[in-house]
Protein chains: 2
Amino acid sequence: MLTLCQTPDMNAYGGVDLDTSLGYLLKQASSALRSAMEAALRPLGMSVTHYSCLELLAQRPGLSNSELARGAFVTRQSMNVLLRALEKDGDVTRPAQAAVGKVLPAHLTPRGRRRLETASVAVRGVELRMLRGLTPAMQSQASGILRTMVRSLSEED
Amino acid sequence: MLTLCQTPDMNAYGGVDLDTSLGYLLKQASSALRSAMEAALRPLGMSVTHYSCLELLAQRPGLSNSELARGAFVTRQSMNVLLRALEKDGDVTRPAQAAVGKVLPAHLTPRGRRRLETASVAVRGVELRMLRGLTPAMQSQASGILRTMVRSLSEED
DNA sequence: CTTGTCGTGTCAGAAGGCTGACATGCTGAC
DNA sequence: GTCAGCATGTCAGCCTTCTGACACGACAAG
């Protein structure tokens, strides 16, 4: 990896080795995936967070702003502006007032569902491309490993 | 995963399943790693991109702005403003004029090396925490799988 | 009942990254 | 030699996301 410079010229610095580091590799893979998704979604005038929000709402109707934010890995504030835009575009509906507490459950409109439909095939294409070259067994291993990493990182010690 | 809503309420939508999707899992792991690194680097007044740039320069002295950008997964423009700030802080040196072409090779100053040193132990701690629970064999598998994913995604077809 | 804590939605400001664009300097094809 | 293509550094503007802060409602402990 990192075929950037022809002269490794390793000095005595013993820091995190980028060529070996799983963290760096994870960042690289994530960056590649994000780029590919952005490229696939751009023709549809949709961003990745955009799509994530719609997909979340399709599978978990009635999610609140904060829940959507956690699911899309952004802050409540960011999701709030996105949700407002989606509402303005008519892809999402939220009650004007909370039935209970302050939570405003969001739902997809038929238009939002249609837009998600087209976006979903594009994203599925990217995911398929990412997974080709991986046997089902490898995919299963990757899933377990990533889950373990997430768990370890979210433990506070 | 995604313990956000107690009512799955699965409708007939057959899109990308977030609970199974390796892409979603990858994003989640990357997000967790980034958060942990930000938390570890914040006390040092350093951002992740900040640190990435320094680490890159320590292992590959003389990298140019564009090469650093590719290595840190940001655009040339973003790396340019960061590099300028690092130069102003005295962590990085760049020649005023290019020896050949327009490429300006960057180098760490002793001060930059010291700052990297402290940041590196913090980051190494995060990576160690991420990796605990993973056998060396699993780490090796993960490395191979992630590399395969990156390769598949960067192929244009 | 009161109080403290937590989660939520939202506003305002700031920081970081990105796209678009330009001039410059290599490199290879003709 | 010339010219097209490509990569680089840099400027300008925009957009997304983040941090900080506030008020409100739910909930449990006292």
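Below, chains carry the letters A, B, ... as their sequence lines are ordered, and counting in each starts from 1. Note that these values count all heavy atoms, side chains included, but never hydrogens, waters or copies made by symmetry.
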Residues which pass salt bridge (charged side-chain N to carboxylate O under 4.0 Å, His left out) with B/R76, listed by chain and number, not counting sequence neighbours:
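Checked B/R76 against salt bridge (charged side-chain N to carboxylate O under 4.0 Å, His left out); zero matches.
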
Using the salt bridge (charged side-chain N to carboxylate O under 4.0 Å, His left out) criterion, which residues pair with A/R42? Sequence neighbours excluded.
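With sequence neighbours excluded, A/R42 shows a salt bridge (charged side-chain N to carboxylate O under 4.0 Å, His left out) to no residue whatsoever.
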
With [X] via side chain to side chain donor-acceptor pair (under 3.5 Å) - residues at least two apart:
X      : result
A/S152 : none
A/N65  : none
B/E127 : A/S21

Nucleotides 10-26 of chain D: protein proximity per nucleotide (B base, S sugar-phosphate only, - neither; heavy atom, under 4.0 Å):
BB-----SBBBB-BBSS

Classify every nucleotide of nucleotides 1-6 of chain D by which part a protein heavy atom approaches to under 4.0 Å, writing B for the base, S for the sugar-phosphate alone and - for neither, in 5'-to-3' order.
------

Can you tell me which residue pairs pass the salt bridge (Lys or Arg N to Asp or Glu O under 4.0 Å) test with a partner in residues 82-92 of chain A, sequence neighbours excluded?
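Found A/E87-A/R94, A/D91-A/R111, A/D91-A/R115.
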
Between which nucleotides of DNA chain C, read 5' to 3', does contact with chain B run, using atoms under 4.0 Å from its heavy atoms?
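Going 5' to 3' along DNA chain C, contacts run C/dG17 to C/dC26.
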
Rounded to 10°, tell me the angle between the two end axes of the helix from C/dC1-D/dG30 to C/dC30-D/dG1, each built from five pairs.
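So the angle between the two local helix axes works out to 30°.
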
Would you name the heavy atoms of B/L25 and A/L146 that are closest together and state the gap between them?
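B/L25 and A/L146 have their closest heavy atoms at CG-CB, 4.0 Å.
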
Output every pair passing ring pair (Phe, Tyr, Trp, His ring centres under 6.0 Å) with a member in residues 62-84 of chain A, not counting sequence neighbours, ordered by first then second residue.
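As it turns out, the ring pair (Phe, Tyr, Trp, His ring centres under 6.0 Å) pairs with a partner in residues 62-84 of chain A, which skip direct neighbours, are A/F73-B/Y24.
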
Any ring pair (Phe, Tyr, Trp, His ring centres under 6.0 Å) pairs touching residues 124-145 of chain B, not counting sequence neighbours?
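Of all non-adjacent pairs touching residues 124-145 of chain B, none passes ring pair (Phe, Tyr, Trp, His ring centres under 6.0 Å).
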
Dump the intermediate steps for side-chain hydrogen bond (donor to acceptor under 3.5 Å, both in side chains) on B/R147 and B/S143, then the final yes or no.
CA-CA 6 Å; B/R147 271 184 233 273; B/S143 178; 3.1 Å; yes

Side chains of A/V126 and B/L153: closer than 4.5 Å at any heavy-atom pair?
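In short, these two side chains touch, coming nearer than 4.5 Å.
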
Any chance you could lay out the side-chain hydrogen bond (donor to acceptor under 3.5 Å, both in side chains) test for A/T118 and A/R114, step after step, and finish with the verdict?
CA-CA 7 Å; A/T118 68; A/R114 278 196 305 275; over 6 Å; no

